[in-house]
Trainee: 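Here's a structure for you.
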Amino acid sequence: MLLDTASMYFRAFFGVPEILAADGTPVNAVRGLLDFISRLVEQYEPTELVCCWDEDWRPQWRVDLVPTYKSHRVVEVVDAGPDVEEVPDPLEVQVPIILEVMEALGIAVVGAPEAEADDVIGTLATDAGRPVDIVTGDRDLFQLVDDAAEVRVLYIARGVGNHERVTEEWVREKYAVEARQYADFATLRGDTSDGLPGVKGVGEKTAATLLQRFEHLDGIVAAAADPDAEMAPGVRAKVQASADYLAVAPEVVAVRRTLDVPRTGFTLPQEPADPARLAALAAERNLEGPVERLLTVLARQ
């Protein structure tokens with residue numbers, strides 16, 4: 001089970017009412033994330049679990065290709081490292097606590113330089129040699145769904161308690177494309193939440209129709225350049241007008257699958273790695289209930 005951790009703790013922060021530790025530090029995102037993990041582990045009983053981490057939420061190599069990539073979320077540009085993301089202050093102070101709690105629990109946290117959690121997930125899900133469940137609230141990772149390799153997404157956009165199991169058939173029914181075409185589909189459609197403009201005037205329906213006819217983005221671009229190809233003049237003009245974007249965006253949209261990250265050491269613990277530290281954190285941070293619930297679930301695995 002691969003967790004898109006930031007996707008989950010953002011949802012916990014906005015979905016769980018404010019709860020404070022004794023010193024006044026908000027801990028609703030930490031508590032919510034722990035309860036999310038408890039629920040998922042109890043339901044799916046994974047043998048291994050990884051909190052995949054954004055070491056760089058907006059890698060410069062992606063920005064170099066598409067300068068608008070996540071630009072609307074930047075609050076401070078940093079020359080020597082990752083730009084500062086717009087994160088509510090009451091959430092930002094909880095992120096280090098999440099890392100402390102995971103370390104005390106013995107749950108693996110994996111990130112990589114100049115890479116997003118999506119790229120870590122893509123790497124660990126590829127050639128895993130065993131079934132993989134990817135937990136996320138973001139659509140980007142639908143491109144990794146692969147029935148033959150037993151890779152699916154547990155899509156939590158409507159809540160962990162109301163998540164959807166995304167398979168190839170689910171993608172086909174929802175978007176009228178194959179999961180292997182999803183990255184090209186997203187490139188064409190664009191995504192305002194990631195600052196990806198897409199092809200102006202091409203929405204989901206047109207993008208799906210083009211992929212059904214021409215199979216992949218290269219085929220669409222080639223057809224737009226071929227006056228004999230069967231493509232409506234209006235659509236042809238739109239694709240040609242976006243030639244520069246289409247030349248670089250696929251690399252931005254595609255998750256990386258070959259990062260140098262560990263592939264072992266992810267066994268789900270049945271008891272905490274550091275019980276004393278975990279107990280102290282639970283008491284100090286008002287996390288006793290969620291920690292106890294998670295420890296109960298872990299002990300049953």
Side-chain angles (χ1 to χ4, degrees), residues 4 7 54 56-74 77 82-83 85-86 114-119 121-122 136-146 153 155 157 166 168 170-258:
D4 183 359
S7 174
D54 286 316
D56 191 337
W57 68 279
R58 187 176 182 248
Q60 187 60 46
W61 61 269
R62 281 192 165 108
V63 177
D64 290 342
L65 293 168
V66 178
T68 58
Y69 182 67
K70 295 185 178 180
S71 60
H72 58 296
R73 302 191 212 169
V74 176
V77 175
D83 293 335
E85 183 180 12
E86 183 178 12
E114 299 180 358
E116 301 176 51
D118 287 8
D119 303 308
I121 290 169
T136 185
D138 297 333
R139 298 178 294 178
D140 308 356
L141 294 169
F142 293 170
Q143 63 186 277
L144 297 174
V145 170
D146 184 337
V153 166
Y155 186 46
V166 179
E168 290 183 13
W170 190 98
V171 174
R172 197 176 299 123
E173 290 184 1
K174 179 76 171 177
Y175 299 107
V177 298
E178 300 298 324
R180 58 182 168 74
Q181 297 174 304
Y182 188 83
D184 285 350
F185 173 76
T187 299
L188 288 164
R189 176 200 63 204
D191 189 339
T192 55
S193 68
D194 281 338
L196 295 170
V199 175
K200 188 175 181 179
V202 172
E204 290 193 352
K205 186 174 180 180
T206 302
T209 299
L210 288 169
L211 287 167
Q212 290 162 11
R213 182 173 300 164
F214 301 109
E215 185 66 22
H216 45 63
L217 195 55
D218 288 345
I220 294 169
V221 172
D226 180 1
D228 296 325
E230 185 182 341
M231 182 179 286
V235 174
R236 184 188 302 274
K238 291 169 184 175
V239 172
Q240 290 177 339
S242 295
D244 291 345
Y245 165 77
L246 292 173
V248 295
E251 187 175 349
V252 175
V253 174
V255 300
R256 292 199 160 178
R257 300 178 183 234
T258 57

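Note: hydrogens, waters and symmetry copies are ignored here, and every other heavy atom, side chains too, is used.
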Trainee: Tell me the closest heavy-atom pair linking Gln212 and Ala176, and the distance in Å.
Mentor: NE2-O, 3.0 Å

Trainee: How many angstroms lie between atom CZ of Arg58 and atom CD of Gln60, to the nearest 0.5 angstrom?
Mentor: 7.0 Å

Trainee: Could you walk me through whether Lys174 and Val166 pass side-chain contact (heavy atoms from CB on, under 4.5 Å), step by step?
Mentor: CA-CA 10 Å; Lys174 179 76 171 177; Val166 179; over 6 Å; no

Trainee: List for me each residue that meets ring-ring contact (aromatic ring centres under 6.0 Å, His included) alongside Phe214, sequence neighbours excluded, and say none if there are none.
Mentor: none

Trainee: Might you point out which heavy atoms bring Ala207 and Leu188 nearest each other, and give the distance in Å?
Mentor: CB-CB, 3.9 Å

Trainee: Any Lys/Arg nitrogen of Asp194 or Arg62 sitting under 4.0 Å from an Asp/Glu carboxylate oxygen of the other?
Mentor: no

Trainee: Say whether, by atom type as modelled, one donor and one acceptor occur between the side chain of Trp170 and the main chain of Val153 under 3.5 angstrom.
Mentor: no

Trainee: Nearest 0.5 Å, what's the CG-CG distance between Asp140 and Asp118?
Mentor: 5.0 Å

Trainee: Considering non-hydrogen atoms only, spot the tightest contact between Tyr175 and Ala208 and give its length.
Mentor: O-CB, 3.4 Å

Trainee: Can any side-chain N or O of Tyr245 pair as donor or acceptor with the backbone N or O of Leu196 at less than 3.5 Å?
Mentor: no

Trainee: Is there a donor-acceptor pair under 3.5 Å between the side chain of Arg257 and the backbone N or O of Leu144?
Mentor: no

Trainee: Do side-chain atoms of Gln143 reach the backbone of Val253 as a donor and acceptor pair under 3.5 angstrom?
Mentor: yes

Trainee: Would you find a donor on one side and an acceptor on the other, under 3.5 Å apart, between the side chain of Gln240 and the backbone of Ala224?
Mentor: yes

Trainee: Quick one: does Lys238's side chain have a donor or acceptor within less than 3.5 Å of a partner on Val202's backbone?
Mentor: no

Trainee: Evaluate the side-chain proximity of Met231 to Leu210: yes if any heavy-atom separation is below 4.5 Å, no if none is.
Mentor: yes

Trainee: Between Asp4 and Ala117, what is the shortest heavy-atom contact and its length?
Mentor: OD1-CB, 3.9 Å

Trainee: So, taking the atom named CD in Glu168 and the one named CD in Glu178, what distance separates them when rounded to the nearest 0.5 Å?
Mentor: 6.5 Å

Trainee: Of all heavy-atom pairs between Pro250 and Ala247, which one has the smallest distance, and what is that distance?
Mentor: CD-C, 4.3 Å

Trainee: If we ignore hydrogens and angles and just use 3.5 Å, is the side chain of Asp54 paired with the main-chain N or O of Asp56 as donor and acceptor?
Mentor: no

Trainee: Exactly one of Val239, Leu211, Asp184 should register a side-chain contact (heavy atoms from CB on, under 4.5 Å) with Leu217. Which one does?
Mentor: Asp184

Trainee: State, to 0.1 Å, how close Glu116 and Tyr69 come at their nearest heavy-atom pair, and which atoms those are.
Mentor: OE2-OH, 2.7 Å

Trainee: Answer yes or no: is there a donor N or O on one side and an acceptor on the other, between the side chain of Gln181 and the main chain of His216, under 3.5 Å?
Mentor: no

Trainee: Ignoring hydrogens and angles, tell me if any N or O in the side chain of Arg236 forms a donor-acceptor pair with the backbone of Ala223 under 3.5 Å.
Mentor: yes

Trainee: For the backbone of Gly122 and the side chain of Arg256, can you confirm whether one donor and one acceptor N or O come within less than 3.5 Å of each other?
Mentor: no

